[in-house]
Amino acid sequence: MLYTQKIALTKTNDSNDSTDICFNRISQFRLRGYIKATHTEWTRSAWLTDLVKYGQDTNAPYSKRNCAAKMSVSTATMSLPNPFLSDLKEDILFHLGPNTRDPKNIQKFRDTKFVIIGGTPSRMKLYAEKLSDLFKEEVLDFTSGDRYAFFKVGPVVTVSIFTVFYFPAWCRLGSVSVVLHEIIKLLYHAQCEDVALIRTGTCGGIGVEPGTVVVTRNAVNDRFQPVFEFSRLGETVSRSTKLCSELADSIMACQNNNIPIIKADTMCAEDFYECQGRLDGAICEITKEQKMAFLQKAVEAGVRNIEMESCGIAALCNACGVKAAVVCVTLIDRLKGDQLNTPTEILRKWEQRPFTVIVEFIKEQLKISSWKNGDAS
Ligand code: URA
């Protein structure tokens, strides 16, 4: 009954660190009994083949370009800890749309290297359109009906956390979890290798200048522990929220824009008002002193921002062996207030910042320097 899939590891000439990570990951899976038999295959990725085949022609579409394929944070494992998946004749990814009965559609995702997840459908569409300029590839729109907005451009998938039919705030984690399960299964079915999943979005800052981008070091709960707890069949399940530190460091390392950026711990709260210690919700049963003492404690624990999705995303990715990062922009300094009263035009500009940061990282990974229209932002 154990689920088995060939694991292809990407080996590049100087990827010894990655190699270790790969072996560690496989050992972990073996120890946990998830892998019955592992076929380990050293393979140069399709991109490296392109490197040999095509010239450095930046006018060529992405798929025909000479992109340096080496991911500096490479691990390549696609094996899911679910023994029941192998019993499925077909896997209907109900919310996302694709169905394994249609292998042609699934194969379109085979070259996926980056998944950008977060925000509203319109923001994800905008990101896809901007990436289309970068890769000189058309945007493939997989949005199906009233569900999640979901696009692919070159090696990047962008997907909204909120459904097209907006989920209410209290339903958010359910919304993220649904889309994540299906995205991870899609990557699995398409036999993708070496994918980086990056959650992008907005957050509240603690003691940092609004507009600062925070790359998450640890995603922690409101007790500042790197775990995600949820209820399953009446019992509390606790999962590690460990993120890929190499991925976070790579994102930090390749910034050459003027965007303020820091690496810090991120607190994941269950709601926007009460659970983030706001005094301006419809109900408030804490004092200002309690709020400030909590925020101070958070700062001392290394937390510099608060949002609502990081722990759920980190926990699921970690359990499935998908490397993940969280890159969010702060819209407010919570030490100074609770209301988001920055003018909308400024907020819209700040909201672009995590994407600009992620694009720098993608460009660096793929060694792309040209933008058709100048800039990503
Ligand atoms: N998103 C949050 O979760 N909190 C904030 O304060 C701002 C954005």
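Atoms within each ligand, like the ligands themselves, are counted from 1 in listed order.
For the pair R110 and E193, the salt-bridge criterion is met [side-chain N within less than 4.0 Å of a carboxylate O].
Of all atoms in ligand 1, numbered sequentially from 1 with element shown, those under 4.0 Å from a heavy atom of G204 are 4 (N), 5 (C), 6 (O), 7 (C), 8 (C). Less than 4.0 angstrom separates some heavy atom of Q276 from each of these atoms of ligand 1: 2 (C), 3 (O), 4 (N), 5 (C), 6 (O). Near I306, meaning under 4.0 Å from one of its heavy atoms, ligand 1 places the atoms 2 (C), 3 (O), 4 (N). Those atoms of ligand 1 with a heavy atom of M308 less than 4.0 angstrom away are 3 (O). For ligand 1, the atoms lying closer than 4.0 Å to a non-hydrogen atom of F272 are 1 (N), 2 (C), 3 (O), 4 (N), 5 (C), 6 (O), 7 (C), 8 (C).
Residue-to-ligand polar distances keep E307 apart from ligand 1: every N/O pair is separated by 3.5 Å or more.
Enclosure of atom NZ in K263 by more than 12 non-hydrogen atoms of other residues, nucleotides or ligands within 6.0 angstrom is indicated.
Ring-plane geometry between F361 and F114 is classed as perpendicular, the angle between the planes exceeding 60 degrees on a 0 to 90 degree scale with a lower cut at 30.
In this model, no donor atom of one side chain and acceptor atom of the other lie less than 3.5 Å apart for S132 and E129. Residues T266 and N305 have side chains that bring a donor and an acceptor to within less than 3.5 angstrom of each other.
Contact annotation for R278 and ligand 1: only side-chain heavy atoms (C-beta onward) come within less than 4.0 Å of the ligand.
Close placement of the F142 and F109 rings is indicated, their centers lying within 6.0 Å of each other.
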